[in-house]
Asker: 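This is the structure I have questions about; it appears just below.
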Amino acid sequence: MPLNVLFAATPERWATYEPALQRAFKGAGLDVRLALDIPAGEVDYVVYAPNSELQDFTPYTRTKAVLNLWAGVEGIVGNETLTQPLARMVDPGMTRSMTEWVTGHVLRHHLGMDQHILHQDGDWTPVVPPLAEERRVCVLGLGELGTSVAQTLKSLRFDVSGWSRSPKDVPGIETFNGDTGLDDALRSAEILVLLLPDTPATQNTLDARRLALMPQGAFIINPGRGPLIDDDALLDALDSGQIVHATLDVFRVEPLPVEHPFWAHPQVTVTPHIAAETRAKTASEVIAENIRRGEAGEPFLYLVDRTLGY
Ligand code: NAP
């Protein structure tokens, strides 16, 4: 009997994911019936995006796991009808994508690229950037994405620090944890990258008090989640010069409403939540491996801790 795997994401994803998942299932030696529509009581696994129509998991009595296509689970972790194991997406393709995106924006600010591109009117004012090793970049969140970002920046010789909930040992990187650790990490953060999940404990991580701890003229890059930053406090910090520029990929409301001051602010770069898309090929291999593990009685990878919310 084949396993019944329901694809519960927005239907336009089907054309990309169906062949990638079929290939990955075959590669993992799984006999699978993959479909957009399977009676709830017959579904063995759900491949899931939190913006799908499926929100009530009560009738999915046979389902062994829900395999999220997204890294962020804030849109589903509080769903009380979902009692099955829930895995978040850890996708090597997504990790590479995030690492490239952050590295590009760190280099933009580090090298002062905007400054030189704007001066094309005969103004020959060279501003020589420091070397990477003279620039402290701090990464909030040392999980799958944050650790990859921190290690890549370190490989470019940046002076890298990182902060996480639990203590971490990442070679070459100064690590901090806990509330006082955050304050200490921020004090030297010339470029700050936010790669935390959106949980009750991380909302407004960057508030007015913490923005004031950062070195004057710091840069902020947020590809994590919008609620990590207090928007009004950030706008005040930009206007006062405490923060020189913010590159924001994620927002409290998405798409960012046209009237939001971030759009027009000269020191804000808005990108439309594109830092790291899940990549169908590599993500499908991760999903297939998790189903293989489930069928072999092995523990699932990347299970969400519902009490922590990530
Ligand atoms: P992850 O592996 O779960 O890592 C999360 C990190 O945040 C961990 O280091 C964790 O600490 C830390 N953390 C969580 N709560 C904390 C707290 N209260 N205080 C301090 N540190 C805390 O997640 P990931 O895969 O790296 O993804 C991170 C986030 O990136 C996602 O949740 C999502 O919101 C965002 N994202 C955005 C995009 C985009 O396109 N913009 C794409 C993918 C993901 P511990 O290590 O101690 O657990």
Side-chain angles (χ1 to χ4, degrees), residues 1-14 17-18 20-22 24-25 28-91 94 141 143-145 164-166 196-203 224-228 250 252 254 278 280 282-310:
M1 282 278 282
L3 290 166
N4 286 329
V5 177
L6 176 70
F7 186 78
T10 49
E12 65 269 17
R13 300 274 176 197
W14 177 246
Y17 275 91
E18 195 266 341
L21 283 165
Q22 297 286 17
F25 292 148
L30 295 168
D31 181 13
V32 168
R33 172 182 161 229
L34 174 70
L36 284 168
D37 196 10
I38 300 174
E42 296 174 20
V43 172
D44 293 300
Y45 293 91
V46 180
V47 175
Y48 188 69
N51 63 350
S52 101
E53 280 178 7
L54 170 52
Q55 297 296 327
D56 181 6
F57 289 88
T58 318
Y60 289 78
T61 47
R62 182 167 123 181
T63 300
K64 297 170 215 169
V66 173
L67 307 169
N68 206 38
L69 283 169
W70 300 359
V73 292
E74 70 279 3
I76 186 180
V77 75
N79 185 332
E80 287 178 1
T81 69
L82 175 54
T83 52
Q84 297 86 346
L86 169 66
R88 67 197 180 84
M89 178 49 68
V90 172
D91 162 22
M94 182 201 287
E144 288 293 326
L145 301 178
S164 52
R165 190 180 50 79
S166 52
L196 296 162
D198 175 7
T199 72
T202 62
Q203 291 184 1
R225 282 292 184 261
L228 300 176
V250 286
R252 285 167 186 268
E254 295 182 8
T278 305
T282 42
S284 295
E285 287 161 5
V286 172
I287 287 167
E289 167 61 8
N290 242 347
I291 295 178
R292 187 204 65 72
R293 292 173 80 97
E295 293 309 297
E298 297 171 24
F300 290 112
L301 298 170
Y302 317 128
L303 284 182
V304 171
D305 181 329
R306 318 263 175 129
T307 54
L308 292 173
Y310 71 99

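Hydrogens, waters and symmetry mates play no part in the numbers below; they use all other heavy atoms, side chains included.
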Asker: Might you point out which heavy atoms bring Ala87 and Val304 nearest each other, and give the distance in Å?
Answerer: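 Scanning both residues, the minimum pair turns out to be C-CG2, 4.3 Å.
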Asker: Do Leu6 and Leu54 have side chains that approach each other closer than 4.5 Å (heavy atoms only, starting at C-beta)?
Answerer: yes
Asker: Check for a donor-acceptor pair, side chain of Thr278 on one end and backbone N or O of Leu69 on the other, with a separation under 3.5 Å.
Answerer: yes
Asker: Please examine the side chains of Tyr48 and Val73, heavy atoms only from C-beta on, and report whether any two atoms are closer than 4.5 Å.
Answerer: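 Not in contact.
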Asker: So how far is it from Leu67 CG to Arg88 CZ, rounded to the nearest 0.5 Å?
Answerer: 13.0 Å
Asker: Between Thr58 (side chain only) and Thr81 (backbone N and O only), is there a donor and an acceptor less than 3.5 Å apart?
Answerer: no
Asker: Roughly how far, to the nearest 0.5 Å, is the CG atom of Leu30 from the CD atom of Glu295?
Answerer: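 These two atoms lie 7.5 Å from each other.
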Asker: Is a side-chain N or O of Asp198 found less than 3.5 angstrom from the main chain of Gly226, in a donor-acceptor match?
Answerer: no
Asker: Could you go through Tyr60 and Val66, starting from their C-alpha distance and side-chain angles, then the distance that decides it, and tell me whether this counts as side-chain contact (heavy atoms from CB on, under 4.5 Å)?
Answerer: CA-CA 10 Å; Tyr60 289 78; Val66 173; over 6 Å; no
Asker: Indicate yes or no: at least one non-hydrogen side-chain atom of Val90 is less than 4.5 angstrom from one of Leu301.
Answerer: no
Asker: Looking at every non-hydrogen atom in both residues, tell me the closest pair between Ala288 and Phe25 and how far apart they are.
Answerer: CB-CD2, 3.8 Å
Asker: If I take atom CG from residue Asn290 and atom CE from residue Met89, how far apart are they, to the nearest 0.5 angstrom?
Answerer: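 Asn290 CG to Met89 CE: 8.5 Å, rounded to 0.5 Å.
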Asker: Can you list every pair that meets side chain to side chain donor-acceptor pair (under 3.5 Å) and has a residue in residues 33-42, with sequence neighbours left out?
Answerer: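 Matches after skipping sequence neighbours: Asn4-Arg33.
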Asker: When you look at CZ of Arg293, are more than 12 heavy atoms from neighbouring residues, nucleotides or ligands closer to it than 6.0 Å?
Answerer: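 Enclosed: over 12 neighbouring heavy atoms sit under 6.0 Å from CZ of Arg293.
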Asker: Side-chain contact test, heavy atoms from C-beta onward, threshold under 4.5 Å: evaluate it for Ile287 versus Leu21 and give yes or no.
Answerer: yes
Asker: Sequence neighbours left out, what passes salt bridge (Lys or Arg N to Asp or Glu O under 4.0 Å) with Arg62? Give chain and number order.
Answerer: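 Partners of Arg62 under the salt bridge (Lys or Arg N to Asp or Glu O under 4.0 Å) test: Asp44.
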Asker: Got a donor-acceptor contact below 3.5 angstrom from the Gln55 side chain to the Ser52 backbone?
Answerer: yes
Asker: Counting distance only, does the side-chain N/O of Thr63 pair as donor-acceptor with the main-chain N or O of Val43 below 3.5 Å?
Answerer: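 It does hold such a pair.
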Asker: Can you sort out the partners of Thr307 under side chain to side chain contact (heavy atoms under 4.5 Å, CB included), two or more places apart, ordered by chain and number?
Answerer: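 Result, side chain to side chain contact (heavy atoms under 4.5 Å, CB included) vs Thr307: Asp305.
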Asker: A side-chain contact here means heavy atoms from C-beta on lying under 4.5 Å apart; do Glu298 and Arg292 qualify?
Answerer: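 Yes, at least one pair of side-chain atoms sits under 4.5 Å.
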Asker: State, yes or no, whether a side-chain contact exists between Tyr17 and Leu34 at a heavy-atom distance under 4.5 Å.
Answerer: no
Asker: Any chance you could measure Leu86, atom CG, to Ile76, atom CD1, to the nearest 0.5 Å?
Answerer: 5.0 Å
Asker: Give me the atom names and distance for the closest heavy-atom approach of Leu303 to Pro85.
Answerer: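 What the structure gives for the nearest pair is CD2-CB, 3.9 Å.
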Asker: Quick check: do Arg306 and Leu82 have side-chain heavy atoms less than 4.5 Å from each other?
Answerer: yes
Asker: Over all heavy atoms of both residues, which pair between Val46 and Ala8 is shortest? Give the atoms and the distance, please.
Answerer: CG1-CB, 3.9 Å
Asker: Tell me, with the steps shown, if Trp70 and Asn51 meet side-chain contact (heavy atoms from CB on, under 4.5 Å).
Answerer: CA-CA 10 Å; Trp70 300 359; Asn51 63 350; 3.5 Å; yes
Asker: Which atom names give the shortest non-hydrogen contact between Phe300 and Ala65, and what distance separates them?
Answerer: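 Nearest heavy atoms, Phe300 then Ala65: CZ-CB, 3.6 Å.
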Asker: Which distance, rounded to the nearest 0.5 Å, do you find between the OG1 of Thr282 and the CE of Met94?
Answerer: 8.5 Å
Asker: Are Val5 and Val47 packed together at the side-chain level, in the sense that at least one heavy-atom pair is separated by less than 4.5 angstrom?
Answerer: yes
Asker: Mark yes when over 12 heavy atoms from residues, nucleotides or ligands other than Glu12 sit less than 6.0 Å from its CD; otherwise mark no.
Answerer: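 Yes.
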Asker: Give the minimum heavy-atom separation between Leu308 and Arg165, together with the two atoms involved.
Answerer: CD1-NH2, 3.5 Å
Asker: Rounded to the nearest 0.5 Å, what separates atom CD in Gln84 from atom OH in Tyr45?
Answerer: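 Between Gln84 CD and Tyr45 OH, I get 12.0 Å after rounding to 0.5 Å.
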